[in-house]
Q: 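The structure's right below; bear with me while I get my questions together.
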Amino acid sequence: MRTGVFFCQTDDNRNLNIDAIAKYSANLPEVETVQILRLKPLPEINFICHQIKTNNLERVVIAGDIPGYYKPVFTRAMALAGGNADEIRLASFQEHGARGENAMDRAKAIVACATMGVPFPLAAVPGGNPVNHATLIIGAGIAGIQSALEIANAGKQVFLVEQTGTIGGHMAMFDKTFPTLDCAACILTPKMVSVGQHEMIRLLTKSKVVAVSGKPGSYRVKIKQSARYVDVKSCIACNLCTEVCPVKVKSEFDAGISMRKAIYIPFPQAVPNAYLVDEKSCTYILSEGKKCGVCMKKCPKECINLNETDHTIDIEVGNIILATGYELLDVSKIEQYKYGIFPNVLTSIEFERLTNASGTTGGRIVTKTKRFNKKTEKDEWIFSPEGIPPRSVALIHCVGSRNKKYNPYCSRVCCMYSLKFAHLIKEKVPNVTVYEFYIDMRAFGKGYEEFAERIKQEGTFIVRGHSASVEMKDDQMVVRGEDIFNDKLVEFKVDMVVLAVGLIPSPGTEELSRMLGIQRDTDGWFSELDYNGSPTDTDKGGIYVAGMCQAPKDIPDTVAQAAAVAAGVLGSLTSGKGLGHMSSLTLSEIEAKAKTIHTI
Amino acid sequence: MSVRVNPMFIDDLDRFGAEDVQLCYQCGDCSTVCPHADEVYKFPRKSMRLLQMGLEQKLETTLEPWLCYYCGQCSEQCPREADPGETMMSLRRWLISRYDFTGIARQFFKSRITEIIAIISIALLTGAFLLFYGLSGGNIHIYDGDGAFLPSPFIHKFDLSVGGILAVFLVLNAIRMWYFVMIKGTTFAVPWWLYITEIYQLPWHFLTQKRYSECERKREHKFYMPWIIHLGLMLGYVTMLVLVMVFIEQLQAGPEIRWQVHIFGYLATIGLITGTVYFIRSRFKKHYIQYKKSHGTDWVFVVLLFIIVLTGIAQHIFHRTGLYEWANITYVIHLMSVVPWLLRMPFSKWSHLIYRPLAMYLAAIRRDALVRQVTIINSNPVVVK
Ligand SMILES: Cc1cc2nc3c(=O)[nH]c(=O)nc-3n(C[C@H](O)[C@H](O)[C@H](O)COP(=O)(O)OP(=O)(O)OC[C@H]3O[C@@H](n4cnc5c(N)ncnc54)[C@H](O)[C@@H]3O)c2cc1C
Ligand code: HEM
Ligand code: SF4
Ligand code: SF4
């Protein structure tokens with residue numbers, strides 16, 4: 001088939017040498033013409049039509065980062081030239097992951113497959129490695145938990161590594177989930193319990209992966225498990241140790257809005273259901289055994305050992321699943337919202353904890369109260385169950401998201417959880433006024449649009465327009481913004497502001513990507529192998545991504561992806577053959593494979 | 001009423017400096033932080049929107065670009081880096097070209113070459129004319145008094161005629177601005193006496209540029225450097241203009257310094273030199289966001305003014321130190337830069353000296369009229385039963 005290859009690459013941020021790829025494609029069989037197009041703003045239809053006619057082209061390949069963008073032009077040109085529009089093939093560098101070490105070979109292979117009319121993922125299957133039957137999962141949020149259960153339920157061994165003292169991740173912190181307003185704990189807790197009890201799951205909390213070696217199918221992994229100082233098996237969670245512990249620090253699980261002791265349990269349903277000691281604040285550990293140690297004496301089961309040391313564990317696994325989730329952007333750097341300056345400006349996750357029935361105020365939505373701290377001799381603002389409920393609350397979307405200075409991307413869950421917040425506030429606080437500032441309402445999922453409509457009907461003032469400032473006027477917080485639909489500059493007095501803060505990859509992401517050789521995309525999330533075709537695989541054979549760590553997503557999508565990963569893992573275990581590294585495939589191998597498919 | 005959409009408008013404005021308008025996603029952050037936006041005049045977001053929609057004819061009748069004093073807060077804030085501040089600046093350039101019925105302004109803004117060629121040709125023409133005049137009757141060795149190379153009465157007439165041409169164009173353009181804004185762009189009734197009650201706005205804003213000083217209102221800095229500097233520059237400029245147009249004969253008389261006139265000249269020079277140096281330096285250093293991007297015409301504007309000031313000073317020094325030949329030569333060069341500057345005025349950024357106070361005046365009139373209308377509506381309850 002007489003083929004023409006047209007390069008439509010706008011900017012070359014991934015070091016692809018388009019000229020070299022073009023030269024390569026000129027030597028491919030049946031390629032009649034290769035052209036690098038100037039694209040401002042779109043290629044000329046007439047020009048392309050002319051090219052198709054003069055070269056008698058039967059097939060056209062559009063190559064570049066987003067070739068689909070230019071396809072309509074080519075389709076029209078093809079139709080004008082009297083050709084078959086089905087023979088317009090896309091060679092998408094971005095979609096098929098031409099990046100990293102062998103980006104050039106990958107890009108060439110992508111073009112080669114397209115000229116032969118062979119889908120790239122069909123031709124590029126590295127593989128055939130024998131697989132060890134154990135699986136490592138890094139991160140035990142809902143993604144890690146779901147994958148672990150799917151695999152373990154199929155009778156295969158799982159090592160679940162979690163850096164904190166409990167599994168559950170962010171979902172454990174929530175009260176309700178959108179759009180169904182189901183109780184988050186009711187969904188998550190049973191899963192957590194079965195992870196804790198499952199005989200095929202070895203749970204390693206307070207642990208981190210420190211080294212990985214080996215090859216697909218048999219990875220050797222070194223895990224460092226930090227001392228917990230409490231024996232998980234004998235601890236009965238009686239709370240006596242916590243009562244005597246003199247040290248108070250901010251609770252991570254409560255997003256810092258309440259205090260915990262140095263010996264603590266993150267939350268009553270934690271798995272493993274045992275206490276742990278925070279070595280960064282425990283007086284005994286910090287003084288190297290010279291001071292305190294009262295908890296050890298108090299424990300009726302004698303299961304506290306403050307002299308315990310860290311240890312490492314070496315394991316061998318066939319597959320690795322990354323499920324390290326996310327964290328919030330540091331909002332204090334977006335100064336105009338005065339987070340950290342005004343006490344009642346909260347982040348979304350702080351609000352989740354405030355409204356949670358198991359939280360510090362028992363789920364009452366109140367503003368902070370001033371209290372005198374005798375130790376520091378300073379006033380401080382704390383949440384107390386006796387606090388005054390806010391008369392009005394502003395919810396601000398897109399704080400740091402879709403913003404070129406912070407996160408250029410959409411965090412995907414903020415619109416929905418802000419709507420959820422609006423509902424919860426309206427439900428719990430009588431006569432409250434809620435203003436919700438948004439730029440675009442992204443209610444994309446099943447039942448989401450309906451949910452948004454319902455919240456609007458509940459009487460929340462949904463303001464089309466972003467707010468760019470939170471200020472204090474005569475001791476009253478005011479939020480200013482532009483209400484675009486009503487064509488007004490507005491200024492609302494509010495007692496509380498909740499910021500829908502943008503999400504970023506969790507802090508360990510970079511280290512893991514280096515350790516495992518996994519690419520990250522420009523926004524920092526782990527890169528999947530092929531955005532459409534294999535969104536759960538990575539460049540590296542036997543290493544998968546699940547949940548938020550691949551890109552922002554909500555719980556249903558996270559769970560679906562986690563289950564899909566489990567299917568991939570189990571597939572490799574039953575067939576006995578796992579995928580290899582993508583980089584292990586040479587250009588000629590892909591070409592050869594494509595040829596065999598082509599001739600069929 | 002039908003509205004014509006010009007889909008190419010946004011590309012057209014590219015040439016005036018607004019390159020990133022397409023990026024705007026209408027969040028309104030810019031209007032929120034703008035210290036000058038108010039209930040009646042909400043910008044820059046709305047202007048961005050009109051631009052994106054290609055509503056050229058609507059934009060033509062808006063005052064908002066003139067109500068923006070380019071503090072740059074909006075651009076600092078914009079999450080899309082759509083640069084609304086620079087867009088407002090570009091709209092001002094475009095509006096200047098719109099008010100100008102000759103179409104010359106448009107050519108200048110769109111092509112720097114055209115502008116520079118025009119300036120150079122006028123400079124050369126002026127130079128040739130002055131040399132011809134000077135050589136045919138005067139003596140290059142004499143600066144003032146009898147037989148002077150460029151006698152002051154002649155220069156006086158020359159100044160007045162150039163000034164006259166300029167004034168005609170300016171007035172015509174200002175009338176067009178009034179027509180666009182108050183006739184085409186105002187759909188509600190405006191009582192005529194508002195034109196009288198608000199008239200004080202014109203001298204007030206002309207002389208103080210009060211609003212410029214409010215640029216930091218939301219950032220709460222003590223004062224705003226560009227405003228102070230600009231005030232000095234502007235006062236210096238106006239003083240100089242009056243001296244040149246009215247007192248040129250005393251100014252040029254020698255050899256002893258006439259303090260009652262010259263003192264004003266010196267003060268004005270200080271304002272002018274500080275201003276031009278400051279603005280040129282800022283455009284190099286780009287320390288305020290409004291100096292990050294410089295359109296060709298911005299450079300021409302400040303640099304030409306700087307040359308005028310320098311040659312003026314040089315000419316004065318040569319005259320007072322008795323180097324009359326040099327004084328005459330620098331005088332010719334000085335006038336060669338002054339004439340294009342003055343003639344260019346109605347077509348250039350500098351015309352803001354009229355448009356800005358006028359805009360504040362018209363804005364106040366429209367605002368009063370609107371408030372009146374709202375009160376009329378509110379005080380007229382419709383009794384149904
Ligand atoms: C305020 C807020 C409200 C939300 N509300 C909803 C809702 O109502 N409905 C909904 O569908 N979605 C909601 N979401 C989205 C939801 O939180 C995510 O979809 C989901 O939690 C993603 O789960 P995950 O397991 O991928 O990540 P996470 O929950 O972040 O879990 C990651 C786990 O990995 C661990 N980890 C991280 N790095 C390492 C490492 N290097 N080594 C070992 N362990 C590591 C972490 O400690 C954590 O336990 C909300 C999000 C926010 C911010
Ligand atoms: C003789 C009169 C005037 C002169 C010589 C003058 C000169 C200048 C100069 C040189 C600049 C450019 C600075 C730069 O390069 O950024 C400038 C900008 C500015 N001027 Fe003036 N000016 C005059 C009158 C006025 C008046 C009357 C006002 C307001 C009422 C005004 C408001 C402004 C503003 C807001 C700017 C900055 C924003 C912009 O460039 O549009 N000026 N002026
Ligand atoms: S801040 Fe930027 S994106 Fe938002 S409305 Fe203004 S120009 Fe548009
Ligand atoms: S530059 Fe300043 S005055 Fe102009 S629109 Fe932006 S914020 Fe308002």
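Just so it is clear, the values below take in all heavy atoms, side chains as well, and ignore hydrogens, waters and symmetry mates. Note on naming: letters A, B, ... go to the chains in the order of the sequence lines (proteins, then strands), and numbering restarts at 1 for each one.
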Q: Please give me the minimum heavy-atom distance between A/E482 and B/T32, naming the atom from each residue.
A: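 What the structure gives for the nearest pair is N-OG1, 3.5 Å.
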Q: Side chain of B/Y25, backbone of A/R402: donor and acceptor closer than 3.5 Å?
A: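 Indeed, once roles are kept as given, a pair shorter than 3.5 Å links the two residues.
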Q: Do other residues, nucleotides or ligands put more than 12 heavy atoms under 6.0 Å from B/Q22 CD?
A: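 Atom CD in B/Q22 is not crowded, with 12 or fewer foreign heavy atoms closer than 6.0 Å.
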Q: For B/C78, is it the side chain, the backbone, both, or neither that has a heavy atom closer than 4.5 Å to a heavy atom of chain A?
A: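 For B/C78, the backbone is the part near chain A, not the side chain.
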Q: Which of these, B/K46, B/R45, B/R49, sits in a side-chain contact (heavy atoms from CB on, under 4.5 Å) with A/I484?
A: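 The side-chain contact (heavy atoms from CB on, under 4.5 Å) with A/I484 is passed solely by B/R45 among B/K46, B/R45, B/R49.
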Q: Evaluate the side-chain proximity of A/R480 to B/V33: yes if any heavy-atom separation is below 4.5 Å, no if none is.
A: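 No; the side chains remain at least 4.5 Å from each other.
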Q: Does atom NZ (B/K58) have a neighbourhood of more than 12 heavy atoms from anything else shown, all under 6.0 Å?
A: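 Incorrect, the count does not exceed 12.
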Q: For B/F284, look at atom CZ and say whether over 12 heavy atoms of other residues, nucleotides or ligands are found less than 6.0 Å away.
A: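 Atom CZ in B/F284 is not packed in, count stays at 12 or less.
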Q: For a quick test of reading the model, state the closest non-hydrogen atom pair linking B/L23 to A/K404 and the distance between them.
A: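 That would be CD1-NZ, 3.7 Å.
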Q: If you draw a 6.0 Å radius around CZ in A/F444, do more than 12 non-hydrogen atoms from other residues or ligands fall strictly inside?
A: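 Yes, enclosed.
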Q: Given that the side chain runs from C-beta out, which part of B/E76 has a heavy atom under 4.5 Å from chain A: side chain, backbone, both or neither?
A: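 Answer is backbone: N, CA, C or O of B/E76 sit under 4.5 Å from chain A.
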Q: Sequence neighbours excluded, which residues qualify as side-chain hydrogen bond (donor to acceptor under 3.5 Å, both in side chains) partners of A/S418?
A: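 Per chain and number, A/S418 pairs via side-chain hydrogen bond (donor to acceptor under 3.5 Å, both in side chains) with no residue.
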Q: For A/Y531, I'd like to know if atom OH has over 12 heavy atoms of other residues, nucleotides or ligands within 6.0 Å.
A: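 At most 12 heavy atoms, drawn from other residues, nucleotides or ligands, come within 6.0 Å of this atom.
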Q: For B/K210, look at atom NZ and say whether over 12 heavy atoms of other residues, nucleotides or ligands are found less than 6.0 Å away.
A: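 It does not: B/K210 NZ has 12 such atoms or fewer within range.
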Q: Is any side-chain heavy atom of B/E81 closer than 4.5 Å to one of A/K405?
A: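 The answer is yes; the side chains approach within 4.5 Å.
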Q: Please check if the number of heavy atoms outside B/I113 that lie under 6.0 Å from its CD1 is greater than 12.
A: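 No.
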Q: CG of B/D29 to OG of A/S467: how many Å apart, nearest 0.5 Å?
A: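 The distance works out to 7.5 Å.
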Q: Heavy-atom count around B/Y291 OH within 6.0 Å, excluding the residue itself: above 12?
A: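 It does: B/Y291 OH has more than 12 such atoms within range.
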Q: Heavy atoms under 4.5 Å from chain B: which residues of residues 486-494 of chain A carry them?
A: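 Those residues of residues 486-494 of chain A which have a heavy atom under 4.5 Å from chain B are A/D487, A/K488, A/L489.
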